[in-house]
Every structure is written in C-alpha cells, then in structure tokens.
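Worksheet: one structure, shown below.
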Amino acid sequence: MLDIKWIIKNPKEADEAFKKRGLKPLSDKLIKMSKSRSQSFVQLESLLEQRNKFSKEIPSIKDKDKKEKLIEKVKSLKKEILKLQEGKSSTNSDLDNFIMELPNFLDNSVPDGKSDNDNIEIKKNGNIKNFNFKIKDHVDIGESLDVIDFKSASKVSGARFAYLKNNLARLERALASFMIDSNILSGNFKEIYTPLLVNEDTLKGTGQLPKFDSDVFKTRENLWLIPTSEVTLVNLIRDKIIEEDDLPLRFTSYSPCFRSEAGAAGKDTRGLKRQHQFSKVEIVSITKPEDSNDEHLLLLKTAEKILQELDLPYRVCELCSAEVGFSAKKTFDIEVWIPSINDYMEISSISNCGDFQSRRMNARYKNNEKKEYPHTLNGSALAIGRTLIAILENFQNKDGTVDIPEALKKYMNGLERL
RNA sequence: GGUGAGGUGGCAGAGAGGCUGAAUGCGGCGGGUUGCUAACUCGUUAUACAACCUUGUGUUGUAUCGAGGGUUCGAAUCCCUCUCUCACCGCCA
C-alpha cells in the first residue's frame, strides 16, 4: 500500500512515480479524498466528544425534566453522528479501495520501458549445448518416455493440467528437496511448510487482492488457493512487531501453486510452461529498509546458484517499468535456456517489494523504540515445472533419453538417465 | 458435522450497564535499601489516529476488552452474526 502521507507531502514526486508506472497523475485526487476524510473525521470526533460528555452528566442530574431534556439532546446528537458515520465510512472506503488498487512505486533504478523487449540483460551464465541431432521439445520427450500425460489430465481436470509419471514424478520430488537444501545452505533460509488455502485478508496483504481476483482460484468456503507460497511466507509477519535483532527473516518453502491465469487464455498452451497447478520453491526475506537492496542481490544469488549446480544456462534480466509486478518496486528475472524455442524462458522472478506489503499487512519492526515498516522480498528458487522443461530439453540425448544432472543423482537414488 | 466452555493490557486474571483504558499479581523500566546477588521498598509502565499551540519526554480529544452489527442517553458488561481456542462425541489421512 502506498503511503498517503508521503504523497500528500510530495505530490510532484508522486505524480512522477505514477507516470513511471504508466498511470495518470493521481496526487490531486488522493489528496482531495484524504482531506475530505480527515475533515469529516474531525467533525465526527467533536460530536462524539459532546455525546460522551453529556452522557456522563446524565446520572448525576436529579431534576427529572432536566434529565429528560439532556437525554433528548444526546439522542439528536446521536442521529447526527450516525449520518456522519455513514458518510465517513463511504469516503473512507473510497480512499482505501482506491489506494489498495494502486501498484507500488518503482525504484529509481528501474529502467523505463514498454514491454519485455525493454528488459535489460545484466548477466549470462553457462554454456549452451550444440546438439548434433534433431532436438525435441519437452512435450515430445516426455510423451515418448511415457513420463508426461496431458490427455488423462485434461479428462480428469481440464486444460492446463498434467500428470507426471514414473521417474519424472520422482525428478520433480528430487528437485524440491535439492532446491530446499541448496537454499538453506545459501542463506540459512528457514524451511517452512505452509497452508495452501488462505483467506481474503492474506491475499490483500501481499497484493493479489483486491485487484487480481480473477487470477486466483477461490473455493466455495471463501478460501483461496495460493498462487505462490510468497503469500503465506510473507504473511507470517502480518500484524506483528518484529524485534530488530531478528531481522533479516529468511524463509523457504516448497509448495504447489495454483493460478487461474484468466488473462492468459490461448497463450503457451503447449506443454508444462503455463499450467493451472505447478510446484515452486520460494524464498522470502524480511529486512530493514536499509538492507533490502543487498538482500535482493542475495536472493538473486541464491536462485542463480541452483541453476549453476544444475548446469543449466541462464541469463538475468532487470525488468523494465512496464514489466515489474503490482507489489514490487524492482524485479530481476532469471531466464533459463530452452533449446526447442532457441531462446530463454522465465524460470524465476525475484522482487523487492519495499514496505508496500508490510503496510498492507500492518507488519512492523522495532527500530530502537520506533516502529517502522520492514521491507519484504520474494523470489522463486525455482519454479519446478519450468525447471523440468529445462532439464528435459537441455539434457536430452539422441536416443531420446535424458541425463540426470549431476547434482540431482543423489536425490534420485543414483539414477543416471530417464 | 454435533454439543459445551471460553477469547479482557507483555503475561496471568478480576470486572457482569455510568465511578473501568480497565482491580490485583507477575514481568518490564527508573529510584531507594543492601558487601554482591536475592529479598524488601517507592514510583512508573498500552496502541493507533486526530486537533491545538506554548513544537514539548506538550495539552486535549477519539477509538480500541476476538471481529462486525444491534439495543441504550451511556456497553468489556445485554442481544445477534461471524471467527478462533479448548474439551467431549461423530467422521477421517
């Protein structure tokens, strides 16, 4: 959530920031809304004060008529209060609703841009293999090895689901263990197993709601399937006051993720790339504001290390202004090399959300005696479904088999290839 | 899913329409006593928001006793809904 006080104090800078996000200047509107809110608030307070004062006097008045009169007076006060409260709660929620749908301000360092073409590649790593045979994509590899079954999945669940079978199912499990272990080593991330169903407030806290409700699956019981365990990991600090010495908090979690991807119909329909359900190992950090830039790099390094150990070629991009997500102020994407498309594909997104989420969830930390909003950061380390694609394709052999990356063999009981 | 009991400050625990932002105890903080510790003792000890100026470790106000509604001149206290915790029963990996 944006800091309305800061906007009131710095309307020009705020409008610049809105512009960078591709929005109209909104400071005027926000300031007006906030002013009318605080005006009615002051008015209401003074009415409440009167009511309380008179009410307190009533029991000590002996004269019956006087008493009656005073009671009548308070009654009419009450009517006024009720009226005002109605107005207030509507302007109040106007501002709240409006501001809850505004994205985070971008970091100054974020490059301007209009599409993913304007993302800036900042690093490349690993060797892209030259295959001396006709390569297959992961769908063909998976189906010919009888380890992926889309047909059955579409019958059982519908489009955008898949069965993984045999050693590919095992590989998915191996990757989860491997990634978690690697993360714990990289930064002493604490492993967490989280709930997969959450309530509305939780999703508001991290920013999926209220704006992106169509991207998230909702159950009859008003619980929502998490689209990422960022949601549950960051919400661990909701309504809490963290001791300064306990920062940074670092969490890692393996979980299924569910995305309805309402806006993505017809996109990437082939294969495992864009599924309604996929697994992901997530890393999350909660830091002091002054540490979050360094922490952002640590998260990046943590995710990169996994690709390095898996021996997968990748590059790191800094997202341009058009591509940074709603809650983030700065994001690095890691993209892994995919031979069948002869290009890189996003496999991890690592974001610094500043105090945007901690404001939304009212999470603070003690800075000496002051309470301030910590920064929250999250990243995939890594998306497992897409890691499977990368392994199937980058480690494929001419005979249709797929080698198991060295780092995973011990998690596969020594298995050499699929 | 059913039944019952509950949710009060950092914690424990009173309060059962106005004197209650809330007794008491513990803990915390500051002081006293003491060779040190302990014990004892005195004082102090919530948060958020707002208004005002004398811009201060300021004054005043409002809200907060799980959440949201309601009754009332007045609600921690009465009523309704929801939620969470605990116990027992049922079901269950």
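Nothing here was measured: the structure is a model prediction, and the numbers come from that model. Heavy-atom basis, side chains included; hydrogens, waters and symmetry copies ignored. Below, chain A is the first sequence line, B the second, and so on; all start at residue 1.
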Return the pairing partner of [N] with a 3.5 Å limit on both distances, Watson-Crick or G-U wobble; otherwise return none.
{"N": "B/U3", "result": "B/A87"}
{"N": "B/C19", "result": "none"}
{"N": "B/G25", "result": "B/C11"}
{"N": "B/U77", "result": "none"}
{"N": "B/U62", "result": "B/A48"}
{"N": "B/U72", "result": "none"}
{"N": "B/G56", "result": "B/C53"}
{"N": "B/A38", "result": "none"}

At less than 4.0 Å, is any side-chain N or O atom of [X] found next to OP1 or OP2 of [N]? Yes or no.
{"X": "A/K75", "N": "B/C73", "answer": "yes"}
{"X": "A/K78", "N": "B/G74", "answer": "yes"}
{"X": "A/N52", "N": "B/U62", "answer": "yes"}
{"X": "A/R51", "N": "B/A63", "answer": "yes"}

Checklist entry - Is it true that the side chains of A/N183 and A/S186 contain a donor and an acceptor less than 3.5 Å apart? => result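 No pair is found: no donor N or O on one side chain lies under 3.5 Å from an acceptor on the other.
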
Considering only atom [atom1], compute the distance from [N] to [M] and round it to an integer number of Å.
{"N": "B/G15", "M": "B/A51", "atom1": "C1'", "value": "33 Å"}
{"N": "B/C42", "M": "B/U33", "atom1": "C1'", "value": "11 Å"}
{"N": "B/G74", "M": "B/U83", "atom1": "P", "value": "29 Å"}
{"N": "B/G13", "M": "B/G6", "atom1": "P", "value": "14 Å"}
{"N": "B/A67", "M": "B/A14", "atom1": "C1'", "value": "24 Å"}
{"N": "B/C36", "M": "B/U54", "atom1": "C1'", "value": "48 Å"}
{"N": "B/U45", "M": "B/A22", "atom1": "C1'", "value": "14 Å"}
{"N": "B/C65", "M": "B/A23", "atom1": "P", "value": "15 Å"}

Checklist entry - Between CD1 of A/I334 and CG of A/L300, what distance do you get to the nearest 0.5 Å? => result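 So the CD1 of A/I334 and the CG of A/L300 are separated by 5.0 Å.
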
Expressed in angstrom and rounded to an integer, what is the separation of [X] atom [atom1] from [N] atom [atom2]?
{"X": "A/L47", "N": "B/U62", "atom1": "CG", "atom2": "C1'", "result": "12 Å"}
{"X": "A/E45", "N": "B/A63", "atom1": "CD", "atom2": "P", "result": "8 Å"}
{"X": "A/R238", "N": "B/A67", "atom1": "CZ", "atom2": "C1'", "result": "13 Å"}
{"X": "A/L44", "N": "B/U64", "atom1": "CG", "atom2": "P", "result": "12 Å"}
{"X": "A/K240", "N": "B/G10", "atom1": "NZ", "atom2": "C1'", "result": "15 Å"}
{"X": "A/K56", "N": "B/A75", "atom1": "NZ", "atom2": "C1'", "result": "13 Å"}
{"X": "A/K371", "N": "B/A46", "atom1": "NZ", "atom2": "P", "result": "11 Å"}
{"X": "A/I81", "N": "B/U62", "atom1": "CD1", "atom2": "P", "result": "11 Å"}

Checklist entry - Do A/E49 and B/G61 have a side chain to base donor-acceptor pair shorter than 3.5 Å? => result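 Between B/G61 and A/E49, which were checked side chain against base, a qualifying N/O pair under 3.5 Å is absent.
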
Checklist entry - Hey, what's the ring geometry for A/Y344 with A/W337, parallel, tilted or perpendicular (30° and 60° as the breaks)? => result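 If you compare the ring of A/Y344 with that of A/W337, the planes turn out perpendicular.
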
Checklist entry - Which nucleotide in the set B/C49, B/G74, B/A48 lies at the smallest distance from any side-chain heavy atom of A/K5? => result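 It is B/C49.
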
Heavy atoms, side chains only, cut-off 4.5 Å: are [X] and [Y] in contact?
{"X": "A/T228", "Y": "A/T206", "value": "no"}
{"X": "A/Q357", "Y": "A/N104", "value": "no"}
{"X": "A/T202", "Y": "A/W224", "value": "no"}

Checklist entry - Are A/F105 and A/F18 close enough that their ring centres sit under 6.0 Å apart? => result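 Yes, they do, as the ring centres are separated by less than 6.0 Å.
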
Checklist entry - More 5' along RNA chain B: A/R364 or A/L48, using each one's nearest nucleotide? => result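 Residue closer to the 5' terminus by nearest nucleotide: A/R364.
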
Next on the checklist: On RNA chain B, compare the nucleotides closest to A/I58 and A/K53; which residue's is nearer the 5' end?
Outcome noted: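 So the residue in question is A/K53.
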
